[in-house]
Amino acid sequence: MKAANGRVVSMEYTLTDGSGQVLDASNGEPMAYLHGFGNIVPGLEKALDGAEVGHKARVHVSADEAYGPKNPEAEFEVTPDKFPEDMTPQVGMQVAAEGPNGPIVLTVKEVKDGGVVLDANHPLAGMDLTFDVEIIDVRDATEEELAHGHAH
Ligand code: ZN
């Protein structure tokens, strides 16, 4: 069976950045996603369209086809009292927050006197990515999965 819209694709993957540093990997627990529903980055979904079980590929995805360019306007400053008392903001720290369209990750960019600069860009925004993938399984999605728009 080939990866196609409305099918659940399971794959092993290793994600690296431009310098070859591993950012994420499935590590023996294949990730299942619903093909054609934007559950994975557009460049990778496009590359896997029609791929069959056993298909192995190295897929280079530009930032525009991954998490998009970095938006400089997504940086903003808050006062330190916005952080819980038991949390000391440090550069590079990632904090979960509620965004307008659901949960988002904010990255601490700068800590200064009386202010903390946060970056609401996706941590991988602006980065060209490489995915080493192997298709493990392809099956038809259930009615429920199609209704939800994601794999179960
Ligand atoms: Zn669901």
Side-chain angles (χ1 to χ4, degrees), residues 1-76 78 82-87 89-90 92-109 116-152:
M1 191 177 269
K2 290 180 176 177
N5 289 356
R7 288 180 176 160
V8 173
V9 179
S10 300
M11 63 176 172
E12 292 278 5
Y13 71 94
T14 301
L15 168 60
T16 49
D17 66 12
S19 67
Q21 194 195 339
V22 175
L23 302 172
D24 192 17
S26 53
N27 288 324
E29 288 180 35
M31 182 194 74
Y33 76 94
L34 181 56
H35 194 86
F37 285 70
N39 291 173
I40 60 174
V41 299
L44 181 59
E45 187 162 60
K46 212 179 290 175
L48 294 180
D49 200 53
E52 296 185 67
V53 175
H55 176 82
K56 279 188 187 182
R58 168 165 285 188
V59 181
H60 297 286
V61 180
S62 68
D64 283 349
E65 295 243 73
Y67 293 94
K70 245 190 197 315
N71 174 8
E73 288 175 14
E75 289 186 16
F76 58 99
V78 298
K82 292 282 187 290
F83 285 80
E85 254 174 54
D86 58 352
M87 191 190 277
Q90 283 172 327
M93 183 188 263
Q94 294 186 335
V95 289
E98 206 56 42
N101 303 310
I104 55 167
V105 174
L106 301 172
T107 306
V108 177
K109 290 282 289 190
V116 178
V117 180
L118 295 172
D119 183 356
N121 281 295
H122 188 283
L124 300 181
M127 291 172 67
D128 295 336
L129 303 173
T130 299
F131 293 88
D132 283 289
V133 297
E134 179 180 1
I135 305 297
I136 304 297
D137 185 55
V138 179
R139 63 168 171 83
D140 286 317
T142 64
E143 293 286 330
E144 198 187 21
E145 286 172 321
L146 291 171
H148 288 198
H150 57 232
H152 285 163

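Numbering of ligands and ligand atoms starts at 1, following listing order. Since the structure is predicted, the reported quantities are computational estimates derived from the model, not experimental observations.
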D119 side chain vs T107 backbone, donor-acceptor pair below 3.5 Å: no
Main-chain N/O of R7 paired with D140 side-chain donor or acceptor, under 3.5 Å: no
By side-chain contact (heavy atoms from CB on, under 4.5 Å) - contacts of E144 (at least two apart): T142, H148, H152
Aromatic ring proximity H35/F37, centre distance under 6.0 Å: no
Count of N, O or S atoms belonging to protein, less than 2.8 Å from the Zn ion (ligand 1): 3
Any R58 side-chain heavy atom under 4.5 Å of T130 side chain: yes
Sub-4.5 Å side-chain heavy-atom contact between L48 and F131: no
